[in-house]
Amino acid sequence: MIHLSPAATHEIKRLQSKQLQPNLWFRVSVKQGGCSGWFYDMSFEQAPNQNDITLDIHGVRVAIDAQTWGYIDGLKLDYSEDLMGGGFRFHNPQAISCCSCGNSFSL
């Protein structure tokens with residue numbers, strides 16, 4: 001399972017509304033790269049793929065591919081703003097280290 005904070009849920013829905021397509025899915029994935037070996041990628045798409053794991057979390061329809069699921073099971077996604085701007089914060093219990101930007105991790 002992954003968890004979305006109320007702030008993350010609100011921000012995802014706000015970004016989704018800007019797309020002018022209310023039925024979009026929120027995709028979370030990990031890709032090789034970044035300064036720690038893996039980085040998080042988020043996007044909106046029309047429909048999940050056939051083999052995706054799909055969740056409905058606080059009204060946000062989430063699609064995650066099976067490979068990514070193995071890297072983010074237990075992920076807590078938050079959103080916060082500070083003087084430098086806003087951003088999503090990832091709290092992954094499977095990550096053994098994270099870079100200072102918080103978007104890259106190693107397993």
Ionic contact status for D41 with R27, cut-off 4.0 Å: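 No salt bridge links R27 with D41.
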Taking all non-hydrogen atoms of both residues, which atom of [X] and which atom of [Y] are closest, and how far apart?
X	Y	result
S17	R14	OG-O, 2.7 Å
L77	M42	CD2-SD, 4.1 Å
L75	P93	N-CD, 4.0 Å

Candidate pair Y79 and T9, rule side-chain contact (heavy atoms from CB on, under 4.5 Å), full reasoning: CA-CA 8 Å; Y79 180 83; T9 301; over 6 Å; no
Is the shortest heavy-atom distance from the side chain of [X] to the side chain of [Y] under 4.5 Å?
X	Y	result
I2	I64	yes
W25	Q16	no
N51	D65	no
V60	L4	yes
I57	H3	no
N23	R61	yes

Pair N92-Y71, side-chain donor/acceptor within less than 3.5 Å: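 No.
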Side-chain donor-acceptor pair present, R89, S80, cut-off under 3.5 Å: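 Yes, S80 and R89 have a side-chain donor paired with an acceptor closer than 3.5 Å.
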Value rounded to 0.5 Å, distance of OG in S5 from NE2 in H58: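 It is 8.0 Å, given to the nearest 0.5 Å.
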Separation of L15 CG from H10 NE2 (nearest 0.5 Å):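 If I round to the nearest 0.5 Å, the distance is 9.5 Å.
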G70 backbone acceptor or donor facing D73 side chain under 3.5 Å: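 Side chain of D73 to backbone of G70: no pair is present.
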Side-chain (N49) to main-chain (D52) donor-acceptor, under 3.5 angstrom: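 Looks like no, no N/O pair under 3.5 Å.
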Parallel, tilted or perpendicular, as decided by the 30° and 60° cut-offs, for the rings of Y40 and F90: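 Because their plane-to-plane angle is under 30°, the rings of F90 and Y40 count as parallel.
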